[in-house]
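Note that the structure is a prediction, hence the values are computed from the model and not measured. Atoms within each ligand, like the ligands themselves, are counted from 1 in listed order.
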Amino acid sequence: MKLLVVGSGGREHALCWALAASPLCDKLWCAPGNAGIAGTAECVDIAADDLDRLVAFARDHAVDLVVVGPEAPLVAGLVDQLAVAGIRAFGPRAAAAALEGSKGFMKDLCARHRIPTAGYRRFTDPALAKAYVAQRTLPIVIKADGLAAGKGVTIAHDVAEAGAAIDEALVGGRFGRAGAELVIEDFLAGEEVSFFAIVDGTTALPLAAAQDHKAVGDGDTGPNTGGMGAYSPAPVLTPALEQKVMERIILPTVRGMAAEGRPFTGVLFAGLMITPGADGPEPTLIEFNVRFGDPECQTLLLRLKSDLLPVLVAAADGTLDQVTLEWLDQAALCVVMAAAGYPGPVVGGTAIRGLDAAAAVPGVTVFHAGTRADADGTIRAAGGRVLGVAARAATVAEAQRNAYRAVDALDWPEGFCRRDIGWRAITRDPSRP
Ligand code: AMP
Ligand code: GLY
């Protein structure tokens, strides 16, 4: 098969790494890719949001499957355009990608199908939004309806902060059209976990849970990022909770989307809060994403024993009911290395050395996110999140030790990482349910 992966982050490096290992893969392109991806795939200089050129490339090169990494081209309709051109793709069409592209749509769908999520209302009028906030308990969560590159959520601890967030979006136009409508929802307290399923329109195949670390600083301090590290499996999601997630959240969503004429295919990524309930912990849906998480994907694919490619093909073809997955009996953990200043403005172009020494640590794979290569092969930072140093081992604790040994083998003074990725799993009392 000839494959095209769309995207340029650590997630796409992990996808290319897994797909290139498939005996079914004859040719692998990645658009636009990065310096690490260039080691496993042929990079094509087409941006992930340049839909017309991506479709033309796939048609001209007789691509058998396009695998779309990021959300923006999915929400913009890349899979729809590929379908018109007769090209098979893994990922939802625009109508189904609305689960991530419009938080209001996602909340209304949950309401129609009784999927547990925080209480909410949708607003376009700032005065009505503020009046609603005045009636609710604090903290309260203000969200831009559309895609806002991870910056569209404010957790407001007082009325003034909420009012400012409302005005910035609805009056100041901070998020453009993505923030012309807001979802205002109740705050959920608990432990967050990400759960992933692959869906073919009707069948949902559970993958696994992973836990991301969104805050930039150790101990979950400082501003939110795209994710500073992840590990899988996540012990907070017990088998009993996973069953509840499938029965109460994933399956009703898949059925509801199909019944509403928007069948979902691709990765359904449920961001969950595990909240205390009368009979023990309960999963509540924070949000859906319509793609793999980054860096969660890196940890899931390190643990997957099955060949990924036939699974993605089956999802695209509607034959997932014939697929079973095998997993390694190991944990995986990924530490993100970011350029100094992230998630604010960063200085790009600094040289990264020691990559071979890092990759030589047992069980370690170094995924690239924002990197580029000079003509002489020097790897340079080109983005906020730059590397994903990932390790696979018998336990999360051992994977953490090896990942940080690899981090310490790198020579990149302008880079930084959190030093506590995986702490919740490692400090969790194993006797706790
Ligand atoms: P997002 O940018 O949509 O991924 O949301 C960013 C983060 O905001 C989530 O990962 C949660 O940590 C937090 N968040 C969003 N909604 C809520 C909520 N209703 N209650 C508590 N935290 C929330
Ligand atoms: N790591 C969170 C995300 O991919 O949205």
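- Counting atoms of ligand 2 from 1 in the listed order, those under 4.0 Å from a heavy atom of G226 are 1 (N), 2 (C).
- Within ligand 2, the atoms closer than 4.0 Å to a non-hydrogen atom of R291 are 3 (C), 4 (O), 5 (O), numbered from 1 in the order shown.
- Between K305 and D329 no salt bridge is recorded (no basic side-chain N to carboxylate O distance below 4.0 Å).
- Counting heavy atoms closer than 4.0 Å to ligand 2, residue R11 contributes nothing at all.
- A salt bridge is absent between E185 and K103: the closest approach of a Lys/Arg side-chain nitrogen to an acidic carboxylate oxygen does not fall below 4.0 angstrom.
- The side chain to side chain contact (heavy atoms under 4.5 Å, CB included) check on A406 picks up A358, V361, V364, V389, with sequence neighbours excluded.
- In terms of N/O distances under 3.5 Å, ligand 2 is not approached by K214.
- Close approach of ligand 2 to D212 (heavy-atom distance below 4.0 Å) involves ligand atoms 1 (N), 2 (C).
- No donor-acceptor pair under 3.5 Å is formed between the side chain of T371 and the backbone N or O of R380.
- Atoms of ligand 2 found under 4.0 Å from any heavy atom of G293, numbered from 1 in the order shown, are 4 (O).
- Partners of F288 according to the ring pair (Phe, Tyr, Trp, His ring centres under 6.0 Å) rule, which considers only residues two or more places apart in sequence or in another chain, do not exist here.
- Electrostatic pairing of R418 and D220 counts as a salt bridge here, judged by a charged N lying under 4.0 Å from a carboxylate O.
- A donor-acceptor contact shorter than 3.5 Å is absent between the side chain of N289 and the backbone of R291.
- Under the 30°/60° scheme for interplanar angles, the aromatic rings of H13 and H368 are found to stand perpendicular.
- At a 3.5 angstrom cut-off on N or O pairs, R385 does not count as close to ligand 2.
- Residues that satisfy the ring pair (Phe, Tyr, Trp, His ring centres under 6.0 Å) test with W412, not counting sequence neighbours, are absent from this structure.
- Taking 4.0 Å as the cut-off between side-chain N and carboxylate O, K143 and E287 do not count as a salt-bridged pair.
- Residue contacts with ligand 2 for E287 are absent, since no atom lies close enough (heavy atoms, distance under 4.0 Å).
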Quick one: ligand 1 N/O to protein N/O pairs below 3.5 Å?
unit_1   : atom_1 : unit_2 : atom_2 : d
ligand 1 : 3 (O)  : K103   : NZ     : 3.2
ligand 1 : 3 (O)  : E287   : OE1    : 2.3
ligand 1 : 4 (O)  : E287   : OE1    : 3.3
ligand 1 : 4 (O)  : E287   : OE2    : 2.7
ligand 1 : 10 (O) : E192   : OE2    : 2.7
ligand 1 : 10 (O) : K214   : NZ     : 3.4
ligand 1 : 12 (O) : E192   : OE1    : 2.4
ligand 1 : 12 (O) : E192   : OE2    : 3.4
ligand 1 : 16 (N) : K143   : NZ     : 3.0
ligand 1 : 16 (N) : E185   : OE2    : 3.4
ligand 1 : 19 (N) : E185   : OE2    : 2.7
ligand 1 : 19 (N) : D186   : O      : 3.0
ligand 1 : 20 (N) : L188   : N      : 2.8

